[in-house]
Amino acid sequence: MNGQELVSSSPRNSRNSPDANQFVLTFENNRFASELFGQFDQNLKLLEERLHIDARARGNSVVITGDIVATNQARRTLDYLYDRLQKGGSVERSDVEGAIRMAVAADDQLSLPTMEKKAKLTMGQISTRKKTIVARTPTQDAYIRALERSELVFGVGPAGTGKTYLAVAHAAQLLERGAVEKIILSRPAVEAGERLGFLPGDMKEKVDPYLRPLYDALYDMIPGDKVERAITAGVIEIAPLAFMRGRTLANAAVILDEAQNTTSMQMKMFLTRLGENARMIVTGDPSQIDLPRGVKSGLVEALQLLSGVEGISVVRFKDADVVRHPLVARIVRAYDATPIGGPEGGAGES
């Protein structure tokens with residue numbers, strides 16, 4: 001628990017607006033307060049940078065000064081992170097970034113901002129025995145909620161937004177809950193043609209390099225030995241898209257990754273595999289299409305044709321949702337703002 005004391009309603013430094021205020025947040029647990037503030041108060045410094053406020057630690061308290069809206073956002077951020085620590089979680093820089101984004105988004109959604117104390121932050125999360133993932137952006141929050149709600153979800157947007165990682169996490173959660181009997185992971189291999197014959201090894205060895213991001217996410221959610229046993233037992237199946245033809249995928253969580261590289265026929269074939277008690281998640285980036293020139297992306301077409309269809313959710317990520325290194329978001333914005341010669345093949349269909 002933490003307390004709040006109003007210190008004054010006047011600014012302490014020149015960067016505050018006339019509507020500035022100052023208050024003190026006091027946290028009862030000294031160890032949690034130290035973790036909350038970060039080594040050398042690095043988390044408070046991040047709050048200052050992102051919200052343009054002043055945050056100064058005094059023992060297990062922090063004095064927050066600045067614009068009323070921004071200081072309330074800082075309070076909600078710190079309240080949320082402290083509660084996370086109390087529940088046994090940790091606070092990393094990425095967690096602080098995510099909490100700030102959610103606090104700002106909560107205010108952006110209000111038509112009439114007020115000085116009243118807003119409700120605590122609530123973020124969508126996915127929990128498995130090994131790990132709990134909490135939404136770090138409003139779009140991730142919407143995506144997690146869509147995964148819980150809809151039988152077919154499209155997650156589309158640039159690299160680094162977590163769309164594939166969250167999809168695999170959700171599938172692992174469903175498997176642990178007993179809501180599904182198996183996980184099926186698929187991806188178009190070697191562009192869209194799936195020309196695997198020239199590669200050495202059996203089928204698993206041929207497709208493994210193309211499915212590595214899915215493997216990495218799986219091992220983050222499920223202990224490695226259990227992943228291997230589940231693959232051997234067929235509880236987790238990893239196969240190229242071509243192997244889905246003719247099947248009915250029932251009682252399963254099915255993920256199609258890199259879906260922008262499917263043709264129209266491949267996408268239709270995949271979507272019509274959906275069977276009883278199945279959940280299907282399709283992820284892709286329409287700006288990264290590798291299909292031959294003139295071939296329309298099945299993902300782009302599906303997004304057009306299925307818009308508004310009951311039971312289907314479409315969540316669109318933007319560069320602001322990139323949760324990798326901050327530089328990645330700036331790179332995405334630069335490429336989006338200045339197309340150079342147009343992408344290869346069917347990328348122009350996006």
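- Residues passing the side chain to side chain contact (heavy atoms under 4.5 Å, CB included) test with Asp225 are Pro223, Arg229, sequence neighbours excluded.
- Atom CE of Met102 is separated from atom CD of Gln73 by 12.5 Å, given to the nearest 0.5 angstrom.
- No side-chain N or O of Tyr165 forms a donor-acceptor pair with one of Asp216 less than 3.5 Å apart.
- Of the possible donor and acceptor atoms, one in the side chain of Asp141 sits under 3.5 Å from a partner among the backbone N and O of Gly124.
- Distance alone, capped at 3.5 Å, places no donor-acceptor pair between the Arg50 side chain and the Ile100 backbone.
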* To do: Under the salt bridge (Lys or Arg N to Asp or Glu O under 4.0 Å) rule, what do Arg56 and Glu48 come out as? Steps first, then yes or no, please.
  => CA-CA 10 Å; Arg56 302 189 184 186; Glu48 291 182 323; 5.6 Å; no
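- Side-chain contact check for Asp321 and Thr161: no donor-acceptor pair (N or O, by modelled atom type) lies under 3.5 Å.
- Of the possible donor and acceptor atoms, one in the side chain of Asn261 sits under 3.5 Å from a partner among the backbone N and O of Asp290.
- Residues Asp220 and Lys130 are not paired through a salt bridge, judged by the lack of any N-O separation under 4.0 Å between the basic side chain and the carboxylate.
- For the atom pair CG (Leu81) and OG1 (Thr77), the distance works out to 6.5 Å, reported to the nearest 0.5 Å.
- For the pair Leu291 and Thr262, the tightest heavy-atom approach, listed with the atom from each and the gap, is CD1-O, 3.5 Å.
- Of the possible donor and acceptor atoms, one in the side chain of Asp95 sits under 3.5 Å from a partner among the backbone N and O of Glu92.
- Looking at residues two or more places apart in sequence or on another chain, you find a side chain to side chain donor-acceptor pair (under 3.5 Å) between Glu301 and Ser264.
- Counting all heavy atoms, side chain and backbone alike, Gly66 lies closest to Ile53 at CA-CG2, 4.5 Å.
- Inter-residue side-chain proximity for Leu44 and Gln42 is flagged as unmet; no heavy-atom pair is nearer than 4.5 Å.
- Judged by distance alone, with hydrogens and angles left aside, the side-chain atoms of Thr272 form a donor-acceptor pair with the main-chain N or O of Met269 at under 3.5 Å.
- Each of Thr71, Asn21, Asp54 was compared with Thr65 under the side-chain contact (heavy atoms from CB on, under 4.5 Å) criterion, and only Asp54 meets it.
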Exercise for the section: Determine, stepwise, if the pair Val134 / Tyr80 fulfils side-chain contact (heavy atoms from CB on, under 4.5 Å). Expected result: CA-CA 12 Å; Val134 180; Tyr80 168 77; 3.1 Å; yes
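- No donor-acceptor distance shorter than 3.5 angstrom exists from the side chain of Gln260 to the backbone of Leu299, with no hydrogens or angles considered.
- One finds the CG atom of Leu214 at 9.0 Å from the CD atom of Glu258 (value rounded to the nearest 0.5 Å).
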List, one per line, each side-chain donor-acceptor pair under 3.5 Å for residues 274-282, sequence neighbours excluded.
unit_1: Asn277; atom_1: ND2; unit_2: Ala179; atom_2: O; d: 3.3
unit_1: Asn277; atom_1: ND2; unit_2: Asn251; atom_2: OD1; d: 3.1
unit_1: Arg279; atom_1: NH1; unit_2: Leu147; atom_2: O; d: 3.0
unit_1: Arg279; atom_1: NH1; unit_2: Ser150; atom_2: O; d: 3.1

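- Remark: Phe154 pairs with no residue by the ring-ring contact (aromatic ring centres under 6.0 Å, His included) rule, at least two apart or across chains.
- Between Ala320 and Thr137 the shortest heavy-atom distance is O-CG2, 4.4 Å.
- Taking the six-membered ring where tryptophan is involved, the planes of Phe27 and Tyr82 are tilted, since the angle between them lies from 30° to 60°.
- Open room surrounds CD on Glu151; 12 or fewer heavy atoms of other groups in view lie less than 6.0 Å from it.
- Applying the ring-ring contact (aromatic ring centres under 6.0 Å, His included) definition to pairs two or more places apart or across chains, none involves residues 257-293.
- From Met221, atom CE reaches atom OG of Ser127 across 10.5 Å, with rounding to the nearest 0.5 Å.
- Partners of Lys268 under the salt bridge (charged side-chain N to carboxylate O under 4.0 Å, His left out) rule, at least two apart in sequence or in another chain, do not exist in this structure.
- Residues passing the side chain to side chain contact (heavy atoms under 4.5 Å, CB included) test with Glu176 are Thr128, Arg129, sequence neighbours excluded.
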Start with the C-alpha distance between Asp79 and Asp83, add both sets of side-chain angles, then the distance that settles side-chain contact (heavy atoms from CB on, under 4.5 Å), and finish with yes or no.
CA-CA 6 Å; Asp79 279 345; Asp83 186 58; over 6 Å; no
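- Checked by atom type and distance alone, the side chain of Glu237 never pairs as donor or acceptor with a backbone atom of Gly234 at under 3.5 Å.
- Side-chain N or O atoms of Arg273 include none that pairs as donor or acceptor with a backbone N or O of Thr248 at under 3.5 Å.
- With a 4.5 Å cut-off on side-chain heavy atoms, Ile126 and Lys131 do not count as touching.
- The shortest non-hydrogen separation linking Ser61 to Thr26 is OG-OG1, 2.9 Å.
- Side-chain contact check for Ile64 versus Leu25: some heavy-atom pair is nearer than 4.5 Å.
- Note that CZ of Arg84 is 8.5 Å distant from CD of Gln125, once rounded to the nearest 0.5 Å.
- When every heavy atom of Val156 is checked against every heavy atom of Pro286, the shortest pair comes out as CB-CD, 4.2 Å.
- Ile255 is listed as a side-chain neighbour of Val168, based on a closest heavy-atom distance under 4.5 Å.
- Between atom CD of residue Gln173 and atom CD1 of residue Ile133 there is a gap of 8.5 Å, rounded to the nearest 0.5 Å.
- For Arg245, there are no salt bridge (charged side-chain N to carboxylate O under 4.0 Å, His left out) partners, not counting sequence neighbours.
- For the pair Leu36/Asn43, no side-chain contact is recorded, criterion being any heavy-atom separation below 4.5 Å from C-beta on.
- By the salt bridge (charged side-chain N to carboxylate O under 4.0 Å, His left out) test, Arg177 is found to be paired with Glu148, residues two or more places apart in sequence or in another chain being considered.
- Taking hydrophobic clusters as Ile, Leu, Val, Met, Phe, Trp and Tyr residues chained together by side-chain heavy-atom distances below 4.5 Å, Val309 shares a cluster with Leu303.
- Partners of Glu35 by salt bridge (charged side-chain N to carboxylate O under 4.0 Å, His left out), not counting sequence neighbours, listed by chain and number: Arg31.
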### Task
Take Val153 and Tyr143 through the side-chain contact (heavy atoms from CB on, under 4.5 Å) test and state the conclusion after the steps.
CA-CA 8 Å; Val153 177; Tyr143 188 48; 3.8 Å; yes
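- Residues that satisfy the side chain to side chain contact (heavy atoms under 4.5 Å, CB included) test with Ser186, not counting sequence neighbours, are Leu241, Met244, Leu256.
- The main-chain N or O of Gly157 is found under 3.5 Å from a side-chain atom of Lys163 such that the two form a donor-acceptor pair.
- Between Asp319 and Pro158 the shortest heavy-atom distance is N-CG, 4.0 Å.
- Residues Leu185 and Asp257 have side chains not in contact (no heavy-atom distance under 4.5 Å, counting atoms from C-beta outward).
- Here Ser34 pairs with nothing under the side chain to side chain contact (heavy atoms under 4.5 Å, CB included) rule; sequence neighbours left out.
- In this structure, Arg136 does not pair ionically with Glu97, as no charged nitrogen and carboxylate oxygen lie closer than 4.0 Å.
- A donor-acceptor pair is defined here as one N or O able to donate and one able to accept, closer than 3.5 Å; no such pair exists between the side chain of Asp41 and the backbone of Phe37.
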